[in-house]
2 protein chains.
Amino acid sequence: MKRKITLKDIAKELEVSISTVSKSLKDSPEIGEDTREKVKAFAALYNYKPNNIAISLKNRRTKNIALIIPEIVNDFFGEVIGGVEQVANEKGYNVIVCLSNESFDKEVVNIDTLAHGGQVDGFIISLSKETMLRQDYNHLIEVENQGMPLVMLDRVTEQVLCDKVIVDDARGSYNAVSHLIEQGCKKIALITTVDYISVGHLRTQGYIKALGDHGLELDPSLIVRIDGIAGCEDPIKKLVENQDIDGVFAVNELFAVTAMKAVQNHGKKVPQDVAIIGFSDGKLLKHATPAVSTVSQHGEEMGRVAVKMLLKRLQSDKEEESFSTRVIKTSLIKRESSGS
Amino acid sequence: MKRKITLKDIAKELEVSISTVSKSLKDSPEIGEDTREKVKAFAALYNYKPNNIAISLKNRRTKNIALIIPEIVNDFFGEVIGGVEQVANEKGYNVIVCLSNESFDKEVVNIDTLAHGGQVDGFIISLSKETMLRQDYNHLIEVENQGMPLVMLDRVTEQVLCDKVIVDDARGSYNAVSHLIEQGCKKIALITTVDYISVGHLRTQGYIKALGDHGLELDPSLIVRIDGIAGCEDPIKKLVENQDIDGVFAVNELFAVTAMKAVQNHGKKVPQDVAIIGFSDGKLLKHATPAVSTVSQHGEEMGRVAVKMLLKRLQSDKEEESFSTRVIKTSLIKRESSGS
DNA sequence: TTGTAGGCGTTATCAC
DNA sequence: GTGATAACGCCTACAA
């Protein structure tokens with residue numbers, strides 16, 4: 001690789017010292033007008049740009065942040081990346097994206113490498129499923145102990161003290177289910193994840209509360225808990241065919257469209273016979289036929305907020321004070337699948 | 001931020017020199033067995049990890065690569081990220097993801113910053129629409145001139161000499177359209193992008209050739225070219241309602257589902273009245289009802305291949321030799337929307 | 001007004 | 001066997 005021009009090169013060429021060059025380029029009043037101009041002209045001509053690695057070494061900050069997410073084939077995380085990247089770039093930070101692929105080990109390796117290697121100034125992380133299942137958060141606690149800022153996003157845990165960005169999952173699903181009830185649904189199925197996933201758990205609670213508040217019986221046979229994304233068709237199909245339901249609340253996009261497909265294949269109409277509402281505002285629900293109502297969690301905004309919290313920590317020198325949790329409001333997007 | 005432990009710290013603590021520590025940790029036979037062990041034990045105890053920034057400065061390589069893509073709310077690019085990230089991580093590289101948002105300016109800024117700033121060792125890029133429209137590739141040519149490896153992916157141009165990874169777009173769409181014809185379609189609409197987008201252009205050519213080879217007339221009124229993603233509904237709707245078609249080939253996911261929706265709203269059945277086939281194997285087509293046939297471009301593999309090409313360049317010191325273009329084979333995924 | 005020197009953390013060369 | 005030194009590119013306190 002062709003070597004890039006350095007301060008030293010300029011200094012030699014112009015027969016001045018390195019510090020003169022450095023100061024000139026920073027418009028230091030220490031340096032005489034004419035030398036300053038001469039240096040700047042030369043630097044511009046040769047397209048000089050300071051070497052960020054050297055600056056990082058000197059300043060002990062890299063202007064990189066790590067974003068660790070469980071997967072990417074999920075519009076929610078795609079949006080998060082977008083939001084994070086946008087704000088980070090505006091503020092002069094680069095985003096290193098790491099996928100844990102829902103694996104505890106990969107999450108740990110990623111974090112350890114970046115944290116100890118000193119490649120990033122801070123982390124934004126959404127926990128992998130496996131991590132939540134094992135409830136082993138030492139890698140994160142250690143990051144915090146090192147004094148590296150850490151912001152958790154969406155999939156969080158109380159066992160790590162740090163800034164957090166979440167949505168009001170329980171309320172979001174409460175509203176969604178209430179909406180179904182208002183549309184006249186009486187027998188509403190819930191398609192959710194296993195309980196160790198923080199958001200799945202909260203969304204389940206919203207469902208339960210909504211039923212209760214509207215005087216509907218909680219019928220456990222209308223609830224199906226799915227572990228993993230592969231092979232969700234079967235349990236959903238079974239539920240749809242064996243239970244006499246008139247509404248479905250699904251805690252993510254995939255479950256919602258899968259349920260809709262099962263309903264339609266079963267010869268029923270959406271929303272006339274069965275109304276459906278999902279969670280997460282991705283393409284899948286928007287472009288389904290009929291378009292599926294959903295709870296928007298504003299992934300992009302969550303990403304933006306997370307970066308801002310992180311940068312705030314990075315820019316203040318006072319250690320630790322107190323941590324805050326920002327709750328982003330969900331909003332209900334009513335589409336065809338839940339009646340007019 | 002708490003300072004991380006350095007060689008110097010260890011040296012002071014153990015009352016040996018820095019070089020002794022460095023060599024011990026690298027298991028250099030120069031150092032006596034016992035000092036070596038002592039140092040290693042101490043380092044392990046305090047969880048010493050070398051500072052990668054310092055190493056980068058010394059070695060003039062960062063072990064970071066930049067991936068520049070136009071957008072992320074598109075499963076194809078999501079898959080690409082996955083593939084890139086996977087192989088890069090395996091090889092000890094980090095991936096800095098940048099979104100150009102289809103903007104020429106942002107693409108230029110991203111590249112200039114990272115290239116001149118010395119934050120990355122190489123680039124993988126998929127061109128923004130605006131860049132292809134303007135045909136201004138100076139920022140990329142300059143990267144090449146600097147001797148930084150550059151791999152173009154999917155959206156490429158002949159005007160930049162570098163390694164490339166593409167799919168056989170023309171053949172992929174040829175196969176797709178041929179499949180429709182074999183299913184008995186006679187009047188096949190083409191929903192494509194404007195022509196300056198390399199892949200849109202090629203896919204259009206495949207369509208034309210397939211018609212010709214099967215003795216079907218090319219009817220320009222069956223072709224609609226859409227600029228941008230917003231507001232594709234109207235032209236598609238108009239086409240579907242005004243033309244008597246029995247097949248649709250769309251060059252991306254969104255156009256395909258939008259067409260399907262228009263067809264269904266128009267009171268026709270898919271695939272009985274109108275067969276549909278798309279391009280790109282994302283969730284949108286897979287989970288549509290009916291599931292939509294498509295041409296898979298294997299985004300993840302493209303990403304993997306791109307990184308491998310990039311790393312190969314990075315690891316060989318010989319400059320420039322010749323550039324290669326890897327063509328990934330598409331495959332036809334037959335689903336419900338195009339008949340049995 | 002300009003230059004010198006030391007340091008950020010590491011490695012490699014060379015001297016002891 | 002071990003250590004001193006210089007270098008990667010930049011910044012800055014201090015000296016001239």
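Protein chains get the first letters and strands the later ones, always in sequence-line order, with residue 1 at the start of each. Note that these values count all heavy atoms, side chains included, but never hydrogens, waters or copies made by symmetry.
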> Using the side-chain heavy atoms of A/Val16, tell me which of these nucleotides is nearest: C/dT1, C/dG3, D/dT2.
C/dG3
> Answer yes or no: are there more than 12 heavy-atom neighbours, outside B/Lys63 itself, under 6.0 Å from its atom NZ?
yes
> On DNA chain D, check which nucleotide each of A/Lys8 and A/Lys23 is closest to and give me the residue with the more 5' one.
A/Lys8
> Give the rounded distance in Å between these two atoms: CD1 of A/Ile53 and P of C/dG9.
15 Å
> I want to check something: taking the side chain as every heavy atom from C-beta on, are A/Tyr46 and A/Ile10 in contact at a cut-off of under 4.5 Å?
no
> Just to confirm, is there a sub-4.0 Å distance from OP1 or OP2 of D/dC10 to any side-chain nitrogen or oxygen of A/Tyr48?
yes
> If you find the nucleotide of DNA chain C closest to A/Lys58 and the one closest to A/Glu15, which residue's nucleotide is nearer the 5' end?
A/Glu15
> More than 12 non-hydrogen atoms from neighbouring residues, nucleotides or ligands closer than 6.0 Å to CD on B/Gln159, yes or no?
yes
> Starting from the 5' end of DNA chain D, give me the residue, B/Gly32 or A/Ser19, whose nearest nucleotide shows up first.
B/Gly32
> Can you tell me the distance, in whole Å, between the NZ atom of B/Lys12 and the P atom of D/dT2?
21 Å
> Which atom names give the shortest non-hydrogen contact between A/Asn110 and A/Cys98, and what distance separates them?
ND2-CB, 3.5 Å
> Can you find a side chain N or O atom of B/Arg60 that sits less than 4.0 Å from OP1 or OP2 on D/dG9?
yes
> Mind calculating the distance between CD (A/Glu33) and C1' (C/dT1) to the nearest angstrom?
13 Å
> To the nearest Å, how far apart are A/Glu30 CD and D/dA16 P?
16 Å
